[in-house]
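As a basis for the values below, the full set of heavy atoms in this structure was taken, side chains included, without hydrogen atoms, waters or symmetry mates. The sequence lines fix the lettering, A, B, ..., with proteins before strands; numbering per chain opens at 1.
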2 protein chains.
Amino acid sequence: MSQREPLTRERIIETALHLIDGQGLGRLTMRRLGDSLQVEAMAIYHHLPHGKEQLLEQLIAHVAALPVPPGDGEPRDRLRSWAHAYRGRLLEHVGVMPLIVTRRNPGALMATTLSIRELLREAGLREAEAFVGAHVLLGYLLGTVALEAREQASGTTSDEVDSDERFTAGLDRVLAGLVRPTAP
Amino acid sequence: MSQREPLTRERIIETALHLIDGQGLGRLTMRRLGDSLQVEAMAIYHHLPHGKEQLLEQLIAHVAALPVPPGDGEPRDRLRSWAHAYRGRLLEHVGVMPLIVTRRNPGALMATTLSIRELLREAGLREAEAFVGAHVLLGYLLGTVALEAREQASGTTSDEVDSDERFTAGLDRVLAGLVRPTAP
DNA sequence: CAGCCGCCTTTACGCAGTAAGGTGCGATCA
DNA sequence: TGATCGCACCTTACTGCGTAAAGGCGGCTG
(Lines give C-alpha, C1' and ligand atoms only; values in the text may rest on other atoms or scores of the structure.)
Protein backbone atom coordinates (compact mmCIF):
# COMPACT_ATOMS: atom_id res chain seq x y z
CA MET A 1 0.00 0.00 0.00
CA SER A 2 1.01 3.56 -0.71
CA GLN A 3 4.49 2.74 -1.82
CA ARG A 4 6.09 6.05 -2.61
CA GLU A 5 7.33 6.79 -6.09
CA PRO A 6 11.08 6.46 -6.52
CA LEU A 7 13.46 9.32 -5.96
CA THR A 8 14.63 11.27 -8.98
CA ARG A 9 16.85 14.26 -9.34
CA GLU A 10 13.89 16.32 -10.52
CA ARG A 11 11.78 15.39 -7.55
CA ILE A 12 14.61 16.23 -5.19
CA ILE A 13 15.13 19.65 -6.72
CA GLU A 14 11.47 20.52 -6.78
CA THR A 15 11.05 19.49 -3.19
CA ALA A 16 14.10 21.49 -2.17
CA LEU A 17 12.73 24.55 -3.94
CA HIS A 18 9.41 24.07 -2.22
CA LEU A 19 11.16 23.83 1.10
CA ILE A 20 13.12 27.02 0.48
CA ASP A 21 10.03 28.91 -0.65
CA GLY A 22 8.17 27.87 2.46
CA GLN A 23 10.83 27.95 5.13
CA GLY A 24 13.81 29.85 3.77
CA LEU A 25 17.20 28.79 2.54
CA GLY A 26 18.54 28.52 6.05
CA ARG A 27 16.21 25.66 6.85
CA LEU A 28 17.16 23.59 3.83
CA THR A 29 19.22 20.75 5.24
CA MET A 30 19.88 17.34 3.80
CA ARG A 31 18.06 15.67 6.68
CA ARG A 32 15.01 17.87 6.40
CA LEU A 33 14.99 17.43 2.64
CA GLY A 34 15.14 13.70 3.22
CA ASP A 35 12.16 13.93 5.56
CA SER A 36 10.16 15.84 2.97
CA LEU A 37 10.94 13.11 0.47
CA GLN A 38 10.17 10.37 3.01
CA VAL A 39 13.66 9.03 2.68
CA GLU A 40 16.83 9.01 4.74
CA ALA A 41 19.14 11.93 4.03
CA MET A 42 21.89 9.74 2.63
CA ALA A 43 19.59 8.44 -0.09
CA ILE A 44 19.88 11.82 -1.78
CA TYR A 45 23.57 11.25 -2.37
CA HIS A 46 22.77 8.44 -4.72
CA HIS A 47 21.15 10.89 -7.10
CA LEU A 48 23.39 13.87 -6.39
CA PRO A 49 26.80 12.39 -5.65
CA HIS A 50 28.32 15.76 -4.88
CA GLY A 51 25.86 16.42 -2.13
CA LYS A 52 24.59 19.78 -1.14
CA GLU A 53 26.93 21.70 -3.40
CA GLN A 54 25.46 19.99 -6.42
CA LEU A 55 21.94 20.45 -5.13
CA LEU A 56 22.45 24.20 -4.83
CA GLU A 57 23.90 24.39 -8.32
CA GLN A 58 20.86 22.66 -9.71
CA LEU A 59 18.58 25.02 -7.84
CA ILE A 60 20.29 28.01 -9.40
CA ALA A 61 20.04 26.55 -12.87
CA HIS A 62 16.37 25.83 -12.27
CA VAL A 63 15.57 29.38 -11.21
CA ALA A 64 18.00 31.67 -12.97
CA ALA A 65 18.08 30.24 -16.46
CA LEU A 66 15.31 31.88 -18.46
CA PRO A 67 16.38 33.08 -21.89
CA VAL A 68 14.28 35.47 -23.88
CA PRO A 69 11.74 33.31 -25.71
CA PRO A 70 11.76 33.37 -29.49
CA GLY A 71 9.20 35.61 -31.13
CA ASP A 72 8.92 38.38 -33.65
CA GLY A 73 7.61 41.52 -32.01
CA GLU A 74 9.41 44.79 -31.42
CA PRO A 75 12.73 43.96 -29.72
CA ARG A 76 12.04 46.58 -27.08
CA ASP A 77 8.64 45.12 -26.23
CA ARG A 78 10.02 41.60 -26.13
CA LEU A 79 12.76 42.72 -23.76
CA ARG A 80 10.23 44.44 -21.56
CA SER A 81 7.96 41.47 -21.23
CA TRP A 82 10.88 39.10 -20.74
CA ALA A 83 12.18 41.33 -17.95
CA HIS A 84 8.82 41.16 -16.20
CA ALA A 85 8.73 37.40 -16.53
CA TYR A 86 12.27 37.05 -15.22
CA ARG A 87 11.59 39.25 -12.24
CA GLY A 88 8.49 37.20 -11.55
CA ARG A 89 10.48 34.01 -11.53
CA LEU A 90 13.12 35.46 -9.22
CA LEU A 91 10.55 36.82 -6.80
CA GLU A 92 8.75 33.48 -6.75
CA HIS A 93 11.94 31.96 -5.39
CA VAL A 94 13.52 34.81 -3.52
CA GLY A 95 15.18 32.32 -1.25
CA VAL A 96 17.69 31.31 -3.89
CA MET A 97 18.84 34.85 -4.64
CA PRO A 98 21.80 34.55 -2.27
CA LEU A 99 22.88 31.46 -4.18
CA ILE A 100 22.65 33.18 -7.54
CA VAL A 101 24.84 35.97 -6.27
CA THR A 102 27.41 33.62 -4.81
CA ARG A 103 30.10 32.14 -7.03
CA ARG A 104 28.24 28.88 -7.61
CA ASN A 105 27.31 27.53 -10.99
CA PRO A 106 29.05 29.81 -13.41
CA GLY A 107 27.36 29.57 -16.75
CA ALA A 108 23.88 29.29 -15.32
CA LEU A 109 23.27 32.75 -16.72
CA MET A 110 25.07 32.14 -19.99
CA ALA A 111 22.08 31.25 -22.16
CA THR A 112 20.11 34.12 -20.72
CA THR A 113 22.87 36.64 -21.31
CA LEU A 114 23.40 35.50 -24.87
CA SER A 115 19.73 35.72 -25.72
CA ILE A 116 19.55 39.29 -24.45
CA ARG A 117 22.63 40.22 -26.40
CA GLU A 118 21.12 38.83 -29.56
CA LEU A 119 17.90 40.71 -29.07
CA LEU A 120 19.76 43.94 -28.50
CA ARG A 121 21.58 43.41 -31.77
CA GLU A 122 18.23 42.95 -33.44
CA ALA A 123 17.23 46.26 -31.92
CA GLY A 124 20.02 47.86 -33.88
CA LEU A 125 22.85 48.02 -31.35
CA ARG A 126 26.40 47.29 -32.37
CA GLU A 127 28.21 44.28 -30.93
CA ALA A 128 30.02 46.22 -28.22
CA GLU A 129 26.86 48.10 -27.27
CA ALA A 130 24.85 44.91 -27.06
CA PHE A 131 27.54 43.42 -24.85
CA VAL A 132 27.32 46.31 -22.43
CA GLY A 133 23.55 46.45 -22.71
CA ALA A 134 23.02 42.84 -21.74
CA HIS A 135 25.18 43.37 -18.70
CA VAL A 136 23.26 46.46 -17.73
CA LEU A 137 19.91 44.78 -18.12
CA LEU A 138 20.80 41.63 -16.24
CA GLY A 139 22.57 43.67 -13.59
CA TYR A 140 19.57 45.90 -13.10
CA LEU A 141 17.29 42.88 -12.81
CA LEU A 142 19.35 41.00 -10.26
CA GLY A 143 20.14 44.10 -8.24
CA THR A 144 16.63 45.38 -8.20
CA VAL A 145 15.16 42.06 -7.16
CA ALA A 146 17.79 41.74 -4.47
CA LEU A 147 16.73 45.13 -3.14
CA GLU A 148 13.08 44.15 -3.25
CA ALA A 149 13.88 40.96 -1.42
CA ARG A 150 15.54 42.75 1.47
CA GLU A 151 12.68 45.21 1.65
CA GLN A 152 10.02 42.55 1.75
CA ALA A 153 12.02 40.72 4.42
CA SER A 154 12.29 43.86 6.50
CA GLY A 155 8.58 43.68 7.11
CA THR A 156 7.51 46.82 5.32
CA THR A 157 3.87 46.10 4.66
CA SER A 158 3.99 47.01 0.99
CA ASP A 159 1.65 49.97 1.43
CA GLU A 160 4.82 52.01 1.66
CA VAL A 161 5.84 51.65 -1.96
CA ASP A 162 4.47 49.92 -5.01
CA SER A 163 7.37 47.73 -6.05
CA ASP A 164 5.80 46.70 -9.31
CA GLU A 165 5.31 50.25 -10.38
CA ARG A 166 8.81 51.20 -9.37
CA PHE A 167 10.27 48.29 -11.28
CA THR A 168 8.31 49.12 -14.40
CA ALA A 169 9.32 52.77 -14.26
CA GLY A 170 12.94 51.84 -13.62
CA LEU A 171 12.98 49.35 -16.46
CA ASP A 172 11.70 52.12 -18.71
CA ARG A 173 14.60 54.35 -17.71
CA VAL A 174 17.10 51.58 -18.30
CA LEU A 175 15.70 50.71 -21.69
CA ALA A 176 15.61 54.38 -22.58
CA GLY A 177 19.32 54.55 -21.92
CA LEU A 178 20.01 51.44 -23.97
CA VAL A 179 17.83 51.45 -27.03
CA ARG A 180 17.31 54.56 -29.07
CA PRO A 181 13.67 55.19 -29.90
CA THR A 182 12.57 53.39 -33.03
CA ALA A 183 11.82 55.75 -35.86
CA PRO A 184 8.13 55.48 -36.88
CA MET B 1 55.81 39.32 26.85
CA SER B 2 53.82 40.24 23.82
CA GLN B 3 50.55 40.54 25.62
CA ARG B 4 47.94 41.05 22.96
CA GLU B 5 45.84 44.17 22.85
CA PRO B 6 42.29 43.75 24.18
CA LEU B 7 39.42 42.67 22.02
CA THR B 8 37.14 45.34 20.62
CA ARG B 9 34.20 45.22 18.31
CA GLU B 10 36.17 47.07 15.68
CA ARG B 11 39.07 44.68 15.80
CA ILE B 12 36.72 41.72 15.54
CA ILE B 13 35.00 43.12 12.48
CA GLU B 14 38.20 44.06 10.74
CA THR B 15 39.68 40.66 11.36
CA ALA B 16 36.53 38.95 10.12
CA LEU B 17 36.61 41.04 6.96
CA HIS B 18 40.25 40.17 6.47
CA LEU B 19 39.42 36.51 6.90
CA ILE B 20 36.62 36.69 4.34
CA ASP B 21 38.75 38.55 1.83
CA GLY B 22 41.47 35.99 2.15
CA GLN B 23 39.58 32.73 2.53
CA GLY B 24 35.99 33.35 1.54
CA LEU B 25 32.80 33.72 3.50
CA GLY B 26 32.42 29.99 3.88
CA ARG B 27 35.54 29.76 5.98
CA LEU B 28 34.47 32.43 8.43
CA THR B 29 33.59 30.55 11.58
CA MET B 30 33.54 31.73 15.13
CA ARG B 31 36.33 29.36 16.08
CA ARG B 32 38.57 30.41 13.23
CA LEU B 33 37.84 34.04 13.92
CA GLY B 34 38.80 33.39 17.53
CA ASP B 35 42.06 31.84 16.42
CA SER B 36 42.87 34.86 14.26
CA LEU B 37 42.27 37.06 17.26
CA GLN B 38 44.24 34.75 19.54
CA VAL B 39 41.26 34.22 21.72
CA GLU B 40 38.74 31.48 22.41
CA ALA B 41 35.68 31.66 20.16
CA MET B 42 33.34 32.35 23.06
CA ALA B 43 35.22 35.52 23.93
CA ILE B 44 33.70 37.13 20.87
CA TYR B 45 30.25 36.82 22.40
CA HIS B 46 31.22 39.26 25.09
CA HIS B 47 31.54 41.99 22.47
CA LEU B 48 28.84 40.78 20.11
CA PRO B 49 26.19 39.25 22.35
CA HIS B 50 24.07 38.16 19.43
CA GLY B 51 26.82 36.06 17.98
CA LYS B 52 27.37 35.44 14.36
CA GLU B 53 24.14 37.07 13.24
CA GLN B 54 25.28 40.35 14.73
CA LEU B 55 28.75 39.94 13.30
CA LEU B 56 27.37 39.57 9.80
CA GLU B 57 25.14 42.59 10.23
CA GLN B 58 28.12 44.67 11.22
CA LEU B 59 30.09 43.42 8.25
CA ILE B 60 27.33 44.53 5.91
CA ALA B 61 27.13 47.94 7.51
CA HIS B 62 30.89 48.27 7.24
CA VAL B 63 30.96 47.45 3.55
CA ALA B 64 27.67 48.58 2.06
CA ALA B 65 27.11 51.92 3.74
CA LEU B 66 28.78 54.57 1.62
CA PRO B 67 26.63 57.60 0.97
CA VAL B 68 27.47 60.10 -1.71
CA PRO B 69 29.95 62.50 -0.11
CA PRO B 70 28.99 66.15 0.12
CA GLY B 71 30.39 68.41 -2.56
CA ASP B 72 29.33 70.93 -5.11
CA GLY B 73 30.15 69.72 -8.59
CA GLU B 74 27.77 68.70 -11.34
CA PRO B 75 25.30 66.18 -9.86
CA ARG B 76 25.94 63.84 -12.75
CA ASP B 77 29.69 63.87 -12.25
CA ARG B 78 29.32 63.41 -8.52
CA LEU B 79 27.07 60.41 -9.10
CA ARG B 80 29.52 58.96 -11.54
CA SER B 81 32.49 59.20 -9.25
CA TRP B 82 30.51 57.94 -6.29
CA ALA B 83 29.41 54.93 -8.32
CA HIS B 84 32.99 54.09 -9.13
CA ALA B 85 33.98 54.40 -5.50
CA TYR B 86 31.08 52.23 -4.38
CA ARG B 87 31.88 49.54 -6.90
CA GLY B 88 35.47 49.65 -5.75
CA ARG B 89 34.43 49.11 -2.16
CA LEU B 90 32.15 46.21 -3.06
CA LEU B 91 34.78 44.51 -5.19
CA GLU B 92 37.34 44.88 -2.42
CA HIS B 93 35.08 42.76 -0.26
CA VAL B 94 33.30 40.57 -2.77
CA GLY B 95 32.92 37.92 -0.12
CA VAL B 96 30.21 39.86 1.67
CA MET B 97 28.03 40.33 -1.39
CA PRO B 98 25.90 37.30 -0.54
CA LEU B 99 25.24 38.86 2.85
CA ILE B 100 24.21 42.18 1.38
CA VAL B 101 21.75 40.42 -0.86
CA THR B 102 20.30 38.33 1.93
CA ARG B 103 17.66 39.74 4.17
CA ARG B 104 20.09 40.77 6.90
CA ASN B 105 20.49 44.26 8.21
CA PRO B 106 17.69 46.18 6.60
CA GLY B 107 18.51 49.85 6.65
CA ALA B 108 22.20 49.35 5.99
CA LEU B 109 21.53 50.87 2.59
CA MET B 110 19.20 53.58 3.88
CA ALA B 111 21.67 56.42 4.16
CA THR B 112 23.16 55.55 0.80
CA THR B 113 19.76 55.42 -0.92
CA LEU B 114 18.71 58.73 0.57
CA SER B 115 21.87 60.48 -0.49
CA ILE B 116 21.43 59.33 -4.06
CA ARG B 117 17.84 60.43 -4.06
CA GLU B 118 18.83 63.87 -2.86
CA LEU B 119 21.48 64.23 -5.51
CA LEU B 120 19.03 63.23 -8.22
CA ARG B 121 16.67 65.92 -7.01
CA GLU B 122 19.51 68.41 -7.27
CA ALA B 123 19.97 67.20 -10.82
CA GLY B 124 16.46 68.40 -11.55
CA LEU B 125 14.41 65.22 -11.16
CA ARG B 126 11.01 65.29 -9.53
CA GLU B 127 10.47 63.40 -6.26
CA ALA B 128 8.96 60.35 -7.91
CA GLU B 129 11.64 60.26 -10.57
CA ALA B 130 14.40 60.54 -7.99
CA PHE B 131 12.81 57.71 -6.06
CA VAL B 132 12.87 55.43 -9.08
CA GLY B 133 16.27 56.68 -10.13
CA ALA B 134 17.94 55.85 -6.84
CA HIS B 135 16.53 52.35 -7.05
CA VAL B 136 17.78 51.94 -10.57
CA LEU B 137 21.25 53.16 -9.75
CA LEU B 138 21.68 51.08 -6.62
CA GLY B 139 20.16 48.08 -8.34
CA TYR B 140 22.51 48.39 -11.27
CA LEU B 141 25.48 48.67 -8.95
CA LEU B 142 24.66 45.67 -6.80
CA GLY B 143 23.63 43.54 -9.74
CA THR B 144 26.58 44.40 -11.86
CA VAL B 145 29.07 43.75 -9.08
CA ALA B 146 27.35 40.46 -8.34
CA LEU B 147 27.79 39.48 -11.97
CA GLU B 148 31.42 40.51 -11.91
CA ALA B 149 31.95 38.51 -8.77
CA ARG B 150 30.65 35.31 -10.29
CA GLU B 151 32.73 35.88 -13.39
CA GLN B 152 35.91 36.42 -11.47
CA ALA B 153 35.19 33.33 -9.42
CA SER B 154 34.64 31.27 -12.54
CA GLY B 155 38.29 31.62 -13.32
CA THR B 156 38.03 33.66 -16.50
CA THR B 157 41.44 35.21 -16.71
CA SER B 158 40.19 38.72 -17.26
CA ASP B 159 41.73 39.00 -20.69
CA GLU B 160 38.32 37.96 -21.95
CA VAL B 161 36.57 41.20 -21.05
CA ASP B 162 37.57 44.45 -19.47
CA SER B 163 35.14 44.71 -16.57
CA ASP B 164 36.11 48.25 -15.70
CA GLU B 165 35.39 49.45 -19.18
CA ARG B 166 32.11 47.59 -19.33
CA PHE B 167 31.04 49.03 -16.00
CA THR B 168 31.88 52.55 -17.05
CA ALA B 169 30.03 52.20 -20.35
CA GLY B 170 27.04 50.64 -18.58
CA LEU B 171 26.95 53.35 -15.98
CA ASP B 172 26.90 55.86 -18.79
CA ARG B 173 23.85 54.19 -20.33
CA VAL B 174 22.07 54.10 -16.98
CA LEU B 175 22.78 57.74 -16.24
CA ALA B 176 21.71 58.63 -19.75
CA GLY B 177 18.35 57.05 -19.05
CA LEU B 178 17.98 58.82 -15.72
CA VAL B 179 19.26 62.36 -16.03
CA ARG B 180 18.43 64.49 -18.98
CA PRO B 181 21.44 66.29 -20.43
CA THR B 182 22.10 69.53 -18.60
CA ALA B 183 21.38 72.57 -20.72
CA PRO B 184 24.56 74.62 -21.21
C1' DC C 1 40.68 42.70 53.35
C1' DA C 2 36.14 41.42 51.19
C1' DG C 3 33.26 41.84 47.47
C1' DC C 4 32.31 42.86 42.85
C1' DC C 5 32.73 43.30 37.96
C1' DG C 6 34.58 43.04 33.33
C1' DC C 7 36.91 39.90 30.28
C1' DC C 8 38.08 35.57 28.94
C1' DT C 9 38.12 30.20 29.13
C1' DT C 10 36.04 25.60 29.81
C1' DT C 11 32.74 22.36 29.05
C1' DA C 12 28.96 20.51 26.78
C1' DC C 13 24.81 20.18 23.72
C1' DG C 14 22.28 19.70 19.42
C1' DC C 15 22.48 20.00 14.58
C1' DA C 16 25.01 20.13 10.18
C1' DG C 17 27.25 17.49 6.02
C1' DT C 18 28.82 13.27 4.59
C1' DA C 19 32.36 8.92 4.34
C1' DA C 20 31.94 4.02 4.72
C1' DG C 21 29.71 0.00 4.71
C1' DG C 22 25.40 -2.79 4.97
C1' DT C 23 20.72 -4.44 3.38
C1' DG C 24 16.99 -5.96 0.48
C1' DC C 25 15.01 -6.79 -3.82
C1' DG C 26 14.17 -7.27 -8.69
C1' DA C 27 16.44 -8.66 -13.03
C1' DT C 28 19.58 -11.83 -15.39
C1' DC C 29 21.36 -16.01 -16.60
C1' DA C 30 22.93 -20.96 -15.99
C1' DT D 1 14.88 -23.12 -10.10
C1' DG D 2 18.34 -21.04 -7.79
C1' DA D 3 22.73 -18.34 -7.82
C1' DT D 4 24.45 -13.86 -8.86
C1' DC D 5 24.57 -9.18 -9.39
C1' DG D 6 23.74 -4.34 -9.06
C1' DC D 7 20.70 -0.57 -8.00
C1' DA D 8 18.37 2.14 -4.52
C1' DC D 9 18.19 3.04 -0.08
C1' DC D 10 19.51 2.68 5.08
C1' DT D 11 22.65 2.63 9.33
C1' DT D 12 26.31 4.14 11.79
C1' DA D 13 29.73 7.23 12.99
C1' DC D 14 32.89 11.14 12.49
C1' DT D 15 34.13 16.06 12.27
C1' DG D 16 32.98 20.72 12.71
C1' DC D 17 29.55 24.23 13.49
C1' DG D 18 27.05 27.96 16.72
C1' DT D 19 26.38 28.91 21.29
C1' DA D 20 24.22 28.25 26.36
C1' DA D 21 26.02 27.92 30.92
C1' DA D 22 29.15 28.26 34.27
C1' DG D 23 33.80 28.90 36.00
C1' DG D 24 38.13 31.40 36.78
C1' DC D 25 40.91 35.57 37.43
C1' DG D 26 42.89 40.08 37.91
C1' DG D 27 42.06 44.79 39.24
C1' DC D 28 39.04 48.18 41.30
C1' DT D 29 36.13 50.04 45.01
C1' DG D 30 34.49 50.30 49.76
Side-chain ([X]) to main-chain ([Y]) donor-acceptor, under 3.5 angstrom:
X	Y	value
B:Arg76	B:Leu175	no
B:Arg78	B:Pro69	yes
B:Tyr86	B:Ala64	yes
A:Arg150	B:Ile100	yes
A:Arg173	B:Gly177	yes

Length of the line joining [X]:[atom1] and [N]:[atom2], which is rounded to integer Å:
X	N	atom1	atom2	answer
A:Leu33	D:dC9	CG	C1'	15 Å
B:Leu19	D:dC17	CG	C1'	15 Å
A:Met42	D:dC14	CE	P	15 Å
A:Leu7	D:dA8	CG	C1'	9 Å
A:Asp35	D:dC9	CG	C1'	15 Å
B:Arg27	C:dG17	CZ	C1'	15 Å
A:Leu37	D:dC9	CG	P	10 Å
B:Arg11	C:dC7	CZ	P	14 Å

Work out which heavy atom in A:Arg121 is nearest to a heavy atom in A:Leu125; give both atom names and the distance. NE-O, 3.4 Å
Between [options], spot the one nearest the side chain of [X], thanks.
X	options	value
B:Arg31	C:dT11, D:dT12, D:dC17	D:dC17
B:Glu40	C:dT18, D:dC10, C:dT10	C:dT10
A:Met30	D:dC9, D:dA21, C:dT18	C:dT18

Please confirm whether B:Phe167 and B:His84 have ring centers closer than 6.0 angstrom. yes
May I ask you to verify if any side-chain N or O of A:Arg32 is less than 4.0 angstrom from the OP1 or OP2 atom of C:dC15? no
Nearest-nucleotide comparison on DNA chain D, the residue closer to the 5′ end among B:Thr29 and A:Ala41: A:Ala41
Which residues in residues 45-54 of chain A have a heavy atom closer than 4.0 Å to any atom of DNA chain D? A:His46, A:His47
